[in-house]
Amino acid sequence: MNITRRGFLTLSAIAGLGVGTLGFSKRLIDLVPLSNRGRKALHPVYGNSNTPEWLRDANSGELMPNPQWTLHHTVDLQCHSECGLRVKIDRKTGRIQRIIGNPYHPNTLSEYTSVSTPLIDTARLPGTVCARGNTGIQTTYDPYRVLVPLKRVGPRGSGQWKPISWDTLIAEVTEGGKIFADTDDPASKNLDILGFRGLYAKRNDPMDTSAPELGQRTNGFVLQGGRLVGTRMTFAERFTHTFGSVNEFDHVNECELSHHIAHQHVYSGINMTQPDIREAKFIIYWGTQPGDANFPMQTQGKFAAEARAKPNGLKYVVVDPKLSRGGVVGDRASWLPIKPGTDGAMAMAMIRWIIDNQRYNAPYLSYPTLAAAQAMGDLSHTDATHLVIVDPRHAQARSFLTAELAGLGKPQAQGEDDRVVIDAATAKPAKAANVKAAQLDFAGEVNGIAVKSSFRLLKEAAEEHTIEQYAAICGIEPQRIVEVAREFTSHGRRAVSTMYRGVVKHPNGYYNGVAVLLLNLLVGNMNWTGGLTAGGGGYPVKKGRYDIESVPEAEGLAKGVIINREKFHYEDTSEYKAQVAAGENPYPPKRPWFPLSSNMYTETVPSAIQRYPYGVDILMWHKATPLYSVPGQGNPEIIEAVKNPKNIPLIIASDIVVGDSSMYADYILPDASFLESYDLVDTFPTTLTKGTGVRWPAVSLTSKTPDGRHICMEEFFIDVAKRIGMPGYGAKGIPDADGKFWPLNRREDFYLKNVANLAYAKGVEGDAVPDASAQEIAITALDDYHTKFAASIKPDEWPKVMGCLVRGGRFQPHTGSRKGDQLAYQYTKRLHFYAEKTGTTRNSMNGEFFHGTTRWVEPATALGKPLDKLDDPKDWPLTIITMKGALQSHSRLVSNYTLREINPNNGVHMAAEDAKRMGIANGDWIWVVTPEGKRRGRAVVLEGIRPGVILFEVGYGHWGYGASNYQVGGKRVQGDAVRRAGIHLNPIMRRDPDVWQMSLMDLTGGSVVFYNTKARLEKETSHA
Ligand code: SF4
């Protein structure tokens, strides 16, 4: 990449805008650092580097803050690890100069700094961030930032925009009418658009009188969030629900949903567990590796490196088609290059060997209740001994046998544990609650009902294939599988099986995920030092001093089926019932239903276009780019459908740029970048203590509303809500604990109350955040901030709230992680071998029940066609997988030019063995051809990838986000070739042949499929 050329292009973009483009003129600021490059250095030794944050008295050695800088602790969003940041801001210019780690935050230091430590004392031990964290400045100061509202003036996607005022934006989208009469678009000029006011007026009208389950018309507002977490999610949810819509969700089925659902079904409702990496002796990383995308990426990498370096420390195995940067060398780590999507086969082979060889923790598995386990000094319990009804004719088939059905009496109290086991002492059925130890492997009859224990069901599922057959499926030698199983069962409680998206982004992802997780139950590692943990969690921040969540006057308004047909059984719909009543076969419906899943983001756009189960009036994308990120969705047919306003009449994008999807919106609402935003986000389970980080604006770049607020998603919702008279906004906004209402007129009215809840939440030893000192207030420039927003919380709350802002959150000291061989925070709900909810739920496409006991399931389409029969391996010999690299994990990082300088192009990674056979050399131009299309890229030939697999790193090959030209106010904004560079294969990923514009899907767990597209390569013989 040529910096000079890029600088020139940026300059052209700026110069091309001219007068009248309002916020775009701010880009001129960004030319300064670029033009510094190549200039004579300011200092012979330190070059052009900044002065340090701290100054040291030469005589006393005492440290003092450098008055040139403001320091600001906030939370990153360059990836979802949400690490704490220390942002260094020039006090004179207000410009951010540097980002490092916040030493108070657990992600940034193994032994992070106690919140009781004064800020000045953290000078010598700053925390770490990764390269992406470092370059976050470039996301905020991206020369392509949209800082004023934009409205399209041509047809959707024409790339013609005009800047509009805040008041115009709010008035047009709220009042609706012929708001596109001023455009040159024949398709929408005469359309009468239903704005927020018109739609809100229909909040008591049914969506469809023949289908009451669909709720009311206000479900026609859909907020599709690409990245909405923490209490920013709460803010968005509060607006959506108060408006009367259930349609507010994040992108989770894109990234890892089946991972969450598999967890929920094994670990009673939680989405994630993690190993206690630093004390573990053996970890199997499935579909991920230390230092790869995981939570938190940099912390996991650091912990694994530390643990591996200890004498007799951690050993680990990476099971993944690609050897990434986990440093897998030597005798402490190894790599098993598994075939994509077959992790479940290898895990089932291990389960079979462990059961056959009785290497499981039998005493632990025999405890039927927590009380029984704790009586024997254990820390958790499973349902291994609980009996499941296996007679398919029984009315409660596939459910757990209850005491009443077993003839052991009715429950005495509501919610009583009424599971039944075979008492090991008497060999007779008994209530689990009355038994100390139960029989593990049981099949027989109880009270005339055929039952089997959960453990027995798993054993039988594992026995469906031999170890050799499993080995043939997954492509790993049987002997190697046995070696891993032996090692895994050789470290007591200090062995962990952990996974991320590589295991689950397949049609069989849920079953793969459950199999991988069940290995943990077999050794009983939950809550033990060096074992598995659900983490310390976060503080309660939605309630306490203030209730930031509820709007009592709107309670119950939002109801009905979510547009993505999630968390709802097809069999409960009017559509299904009508077909059954008419004697018709109700299967399959037009599109699948996802009763076990949520956040089915990838289904939103095609469902809206097909109006199934209903149409959408207003679609709002927030940081969302479905056309770029959803496998198969960036194809010409769906883009044409999105461009037609008759399909979705109003599209508003809350975005920081004209992005790959927001380029097809009607309006772009300039959102705050992460360095300009608020949010409260909890730490991940990798952190064994309690912690909640506070993101708050280090800078504010978007233009202002007429009354001086910086434009962003929150101010948009507040102003729309106030204009149409929604409760919960304006003077009667947020209630405090005494029932007194406080105004909600700006985002600080919400988030500062949120921080007050955090500051005053009930704590544990050593986690009380001190009041901010005068010196800390000066270092962080909080005096001005306090003056500006003083009325948002009670005066007496400010010192402690500022204490939290100074530290970027509240975190329990790391010394509270463990108590000897036990973890301090213990997860004590039941762990499940058998997922009753799954086993009693039907697949909406064929009416068959899902499997309550996991097993090896061949990947298939929604109607059950095996993928190998869909695309013959003879014609399509390769499988595409993706990678989130350390330098480019998300699409939005394309604006981080420093990262692009390191790796300007991703290329198509392929195995040296395949390349040799095909006559392809490193750097050759090749075509990747799939059944959906073809894309051109450079070959990257490697040893560290399984033959038969090709891989591309996500985040390259943009068409929006500054990659292509567009116009604002008649002036051209020149796209940058740097952003177009590289290959992006999502648009040619395999779609399901039987459902219009649906990616391949995991119908059980809900994940979209990223790793099962078949392909072939064609070498380009000539290249102009
Ligand atoms: S892992 Fe890196 S990019 Fe992700 S939040 Fe942490 S510092 Fe930021």
Side-chain angles (χ1 to χ4, degrees), residues 170-177 179 191-225 228 233-250 549-568 573-574 598-601 603-605 607-622 624 645 647-654 666-667 669 713-714 716-730 733 744:
I170 299 295
E172 290 191 359
V173 301
T174 305
E175 306 306 333
I179 53 179
L191 281 186
D192 215 353
I193 302 296
L194 192 61
F196 282 99
R197 185 187 296 283
L199 190 54
Y200 186 57
K202 296 173 186 283
R203 60 190 178 281
N204 294 315
D205 297 355
M207 178 65 78
D208 180 342
T209 47
S210 65
E213 72 276 8
L214 300 182
Q216 62 284 64
R217 279 285 283 109
T218 29
N219 282 336
F221 170 63
V222 175
L223 175 59
Q224 187 178 17
L228 266 173
M233 171 75 104
T234 311
F235 195 103
E237 211 164 51
R238 188 180 186 276
F239 173 86
T240 311
H241 290 179
T242 304
F243 184 78
S245 173
V246 291
N247 285 314
E248 180 275 326
F249 38 83
D250 199 40
E549 196 174 25
S550 326
V551 179
E553 289 172 64
E555 207 65 53
L557 182 62
K559 51 181 177 288
V561 171
I562 293 171
I563 179 134
N564 305 320
R565 304 168 310 284
E566 57 202 58
K567 293 191 273 190
F568 202 87
T573 64
S574 303
S598 59
N599 292 288
M600 296 297 303
Y601 171 98
E603 275 292 282
T604 306
V605 171
S607 301
I609 293 168
Q610 281 201 311
R611 306 181 71 79
Y612 185 71
Y614 49 79
V616 170
D617 300 281
I618 305 173
L619 174 62
M620 186 158 168
W621 285 323
H622 173 73
N647 289 327
I648 307 170
L650 181 57
I651 303 180
I652 303 165
S654 160
D666 299 312
Y667 294 88
L669 155 68
M713 176 194 77
E714 287 88 342
F716 177 82
F717 284 146
I718 288 170
D719 283 13
V720 169
K722 282 167 71 175
R723 191 171 173 119
I724 61 176
M726 282 166 58
Y729 296 85
L744 176 48

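Just so it is clear, the structure is predicted and the values come from calculations on it, not from any experiment.
Residues S574 and E213 bring a donor and an acceptor atom of their side chains to less than 3.5 Å of each other.
Counting all heavy atoms, side chain and backbone alike, E549 lies closest to T234 at CG-CG2, 4.1 Å. Of all the heavy atoms in F221 and M620, the pair that sits closest is CE1-CB, 4.0 Å. Taking each heavy atom of R611 and N647 in turn, the nearest pair found is NH1-O, 4.5 Å. Shown here for G556 and K559, the closest heavy-atom pair between the two residues is O-NZ, 3.6 Å. For the residue pair E172 and Y667, the shortest heavy atom distance occurs at OE1-OH, 2.5 Å. Between L223 and L228 the shortest heavy-atom distance is CD2-CD1, 4.2 Å.
Atom NZ of K722 has more than 12 heavy atoms from other residues, nucleotides or ligands within 6.0 Å.
Rounded to the nearest 0.5 Å, atoms CG (D250) and CE (M233) are 4.5 Å apart. Distance check: I718 CD1 to R723 CZ gives 15.5 Å after rounding to the nearest 0.5 Å. One distance of note links CD1 of I724 with OG1 of T174; it measures 7.0 Å at 0.5 Å rounding. The OG1 atom of T604 sits 11.0 Å away from the CD1 atom of I609 when rounded to the nearest 0.5 Å. For the atom pair CD of E566 and CZ of F249, the computed distance is 6.5 Å after rounding to the nearest 0.5 Å. Summarising the geometry, atom CG belonging to N219 is positioned 8.5 Å from atom CG belonging to L214; distances are rounded to the nearest 0.5 Å.
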> Given the rule in the side chain to side chain contact (heavy atoms under 4.5 Å, CB included) test, do Y612 and R565 qualify, once you have shown the distances and angles that lead to the verdict?
Replying inline: CA-CA 9 Å; Y612 185 71; R565 304 168 310 284; 3.4 Å; yes
>> Run the side chain to side chain contact (heavy atoms under 4.5 Å, CB included) test on V173 and F196 for me, step by step, so that the C-alpha distance in whole Å, both residues' side-chain angles and the decisive distance to 0.1 Å come before the verdict.
In response: CA-CA 6 Å; V173 301; F196 282 99; 4.1 Å; yes
>> Run I170 and V720 through side chain to side chain contact (heavy atoms under 4.5 Å, CB included) and show every step you take.
In response: CA-CA 6 Å; I170 299 295; V720 169; 4.2 Å; yes
>> Using side chain to side chain contact (heavy atoms under 4.5 Å, CB included), reason through W621 and I651 one step at a time and then give a plain yes or no.
In response: CA-CA 8 Å; W621 285 323; I651 303 180; 3.8 Å; yes
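When side chains are defined from C-beta on, F239 counts as touching M726, because their heavy atoms get closer than 4.5 Å.
A side chain to side chain contact (heavy atoms under 4.5 Å, CB included) with D617 is found for one member of I648, L194, T218, V222 and no other, namely L194.
Seen from the ring of Y729, R238 counts as a face-on cation partner, given the 6.0 Å and 45° thresholds.
Without hydrogens or angle criteria, D205 side chain to R217 main chain gives no donor-acceptor distance under 3.5 Å. For the pair Y614 (side chain) and V561 (backbone), a donor-acceptor distance under 3.5 Å is present. Listed for the Q224 side chain is a donor-acceptor partner under 3.5 Å among the backbone atoms of Y601.
Ring centroid separation for the pair F243 and Y200 comes in under the 6.0 Å cut-off.
Applying the salt bridge (Lys or Arg N to Asp or Glu O under 4.0 Å) test to E237 and every residue at least two apart in sequence or in another chain returns nothing.
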